Amino acid sequence: MVNKNPKVYKKMLENNHTLPYKVRVDGQFFEVIVYSMLGKIAGIIVADPNGLTVDRETAEKVIIEVQKYSFYFDYLKKRAQLVKERDSITAERIEGVQRILNEKGLFGQKLQSEMDELNLALEVYKQQQRKLDIYQEDITLLNEKVESQQEIYEEDWNNAEDLSLAYAMAAYGQSLYLEKTRDTRKKMLKWTQMHGKMLPPEQRRALSKLAFVLSEAQAGHIFDQIISLIPMLENGLNLNRNQEIPARVKDYGKAYEAYCRVYEPPMEKIGPLIRNKKA
């Protein structure tokens, strides 16, 4: 039966929270209640303006809208959960020790070209991280706006799509450059261990600081976590992965934008969580 109190569908030991905005479908507002247990979503209920559950068909229409909006920021949420702002902290630390890579000839002719590439990648990392931090602030402000007005307006949908695209492109380019320098970082660390002691004191200290920041326990770990999310960025897109990075990012942006326009939530996964009953 429909038109029940949502509390009927809450199971023992579950927590519940109502989304901070209502969803408009066919000219009517609905609220979405999410049940969770041990930090995972266990069920979803959709209620009408009177606080009573609606039929299954209506609930699915509402959940589709919720999932479409959530989709725009799925990567951001996953990345924030994984790196916990350490990407921004890492960018600041790199800024303070990167200058040693600008000293030409330090690593010898054979390794210098690779160190120049590493230097470029670190510069891209910092620049893109600044963009990502700004986009994240804008996304936070957008979500606060939606929460305060308790509805997603048409302009909010457009802004969400634009911000999602900008964030994804910046993250994708950053990730590709980091992936490309994975072996180079290891070579730099190995060279520092073998030859660093033979450098003059000032250079030795500067290089040691850089090596520490880029070590596997520091930036190297954060970089690997960011790189591990590349498949999430590429999911559902038909991409040519053999291009140079700038062209690859440009094509990625076109593919992602087109994908956003036709995105449909995976209801085969979400459907079993909906507890609303058929009419």
Side-chain angles (χ1 to χ4, degrees), residues 75-76 79-80 82-138 163 165-193 195-196 199 202-230 233-234 239 241-253 256:
Y75 172 82
L76 168 58
R79 175 165 171 150
L82 194 63
V83 303
K84 297 179 176 62
E85 297 185 354
R86 288 174 295 172
D87 45 2
S88 301
I89 295 172
T90 297
E92 293 178 2
R93 289 175 176 170
I94 289 173
E95 180 74 43
V97 297
Q98 187 184 356
R99 65 176 180 81
I100 187 66
L101 290 176
N102 294 322
E103 297 193 19
K104 299 298 182 181
L106 178 66
F107 297 94
Q109 186 174 1
K110 184 177 180 181
L111 200 59
Q112 188 61 51
S113 61
E114 292 185 78
M115 293 303 104
D116 290 342
E117 288 185 5
L118 174 60
N119 201 13
L120 171 62
L122 294 178
E123 197 62 38
V124 170
Y125 173 77
K126 293 187 303 178
Q127 292 175 4
Q128 298 304 83
Q129 191 58 48
R130 293 188 189 106
K131 290 181 182 179
L132 292 173
D133 290 341
I134 293 172
Y135 296 148
Q136 186 168 351
E137 289 179 6
D138 290 342
L163 284 170
L165 174 61
Y167 194 95
M169 287 186 67
Y172 191 60
Q174 184 192 63
S175 302
L176 294 183
Y177 274 99
L178 291 179
E179 183 180 46
K180 187 177 180 180
T181 63
R182 186 180 260 156
D183 291 339
T184 307
R185 283 185 278 119
K186 292 180 180 179
K187 288 182 181 179
M188 190 279 290
L189 294 173
K190 184 177 180 180
W191 189 94
T192 301
Q193 291 176 344
H195 305 285
L199 296 174
E202 185 175 349
Q203 287 182 325
R204 183 169 68 248
R205 286 193 294 269
L207 189 58
S208 295
K209 289 180 181 179
L210 177 64
F212 174 76
V213 170
L214 295 183
S215 66
E216 294 303 307
Q218 299 292 322
H221 177 61
I222 303 302
F223 291 169
D224 285 344
Q225 288 181 312
I226 293 172
I227 292 168
S228 73
L229 294 177
I230 291 178
L233 287 167
E234 295 180 336
L239 301 170
R241 296 176 176 82
N242 296 319
Q243 302 178 95
E244 292 296 319
I245 292 179
R248 190 171 166 183
V249 173
K250 183 178 180 180
D251 285 355
Y252 171 83
Y256 182 77

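Quick note: residue numbers are just sequence positions, from 1. Treat the numbers as computed from the prediction; the structure is a model and nothing was measured. When reading the values below, keep in mind they use all heavy atoms of this one structure, side chains included, and skip hydrogens, waters and symmetry mates.
- Side-chain atoms of Gln174 and Asp87, non-hydrogen and from C-beta on, never get closer than 4.5 Å to each other.
- One finds the NE2 atom of His221 at 10.5 Å from the CD1 atom of Ile226 (value rounded to the nearest 0.5 Å).
- Within a 6.0 Å sphere centred on NZ of Lys126, other residues, nucleotides and ligands contribute more than 12 heavy atoms.
- What you find for Gln112 and Gly105 is that their closest heavy atoms are OE1-N, 3.1 Å.
- Looking at every heavy atom in both residues, Ser88 comes nearest to Asp133 through OG-OD1, 2.7 Å.
- The backbone N or O of Val83 sits less than 3.5 Å from a side-chain atom of Arg86, completing a donor-acceptor pair.
- Listed by first then second residue, pairs satisfying side-chain hydrogen bond (donor to acceptor under 3.5 Å, both in side chains) with a partner in residues 205-220 read Arg93-Gln218, not counting sequence neighbours.
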Test Met188 against Leu210 for side-chain contact (heavy atoms from CB on, under 4.5 Å), laying out the working first.
CA-CA 10 Å; Met188 190 279 290; Leu210 177 64; 4.2 Å; yes
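- With contacts defined as side-chain heavy-atom distances shorter than 4.5 Å, the pair Lys187/Leu118 does not qualify.
- Side chains of Val124 and Ile245 form no contact here, defined as non-hydrogen atoms less than 4.5 Å apart.
- The number of heavy-atom neighbours closer than 6.0 Å to CD of Gln203, taken from other residues, nucleotides and ligands shown, is above 12.
- Taking each heavy atom of Lys131 and Ala170 in turn, the nearest pair found is CB-CB, 4.5 Å.
- Atom-to-atom distance recorded for Ile100:CD1 and Met115:CE is 12.5 Å, nearest 0.5 angstrom.
- Rounding to the nearest 0.5 Å places OG1 of Thr181 at 9.5 Å from CG of Leu120.
- Side chain of Arg248 to backbone of Gln243: no donor-acceptor contact under 3.5 angstrom is found.
- The structure places CG of Leu163 at 11.5 Å from CD of Gln136, a figure rounded to the nearest 0.5 Å.
- Of all heavy-atom pairs between Gly173 and Val249, the closest is CA-CG2, 3.6 Å.
- Annotation: ring pair (Phe, Tyr, Trp, His ring centres under 6.0 Å) contacts involving residues 93-136, sequence neighbours excluded, comprise Phe107-Trp191, Tyr125-Phe223.
- Residues Glu234 and Tyr252 have side chains that never bring a donor and an acceptor to within less than 3.5 angstrom of each other.
- Separation of atoms CG (Leu233) and CG (Leu176) is listed at 8.5 Å; rounding is to 0.5 Å.
- Atom CZ of Phe212 is surrounded by 12 or fewer heavy atoms from other residues, nucleotides or ligands within 6.0 Å.
- Rounded to the nearest 0.5 angstrom, Ile89 CD1 and Gln129 CD are separated by 10.0 Å.
- The closest side-chain heavy-atom distance from Leu189 to Lys186 is not below 4.5 Å.
- Contact annotation: the side chain of Arg182 approaches that of Asp224 to within less than 4.5 Å [non-hydrogen atoms, C-beta and beyond].
- Thr192 and Ala211 make their closest contact through CG2-CB, 4.0 Å (heavy atoms, listed as atom of the first residue, atom of the second, distance).
- Considering only heavy atoms from C-beta on, Leu214 stays 4.5 Å or farther from Val97 through its side chain.
- Scanning both residues, Ile227 and Ser175, for their nearest heavy atoms gives CG1-O, 4.1 Å.
- Using modelled atom types, one finds no donor on one side chain facing an acceptor on the other under 3.5 Å when comparing Asn119 with Glu123.
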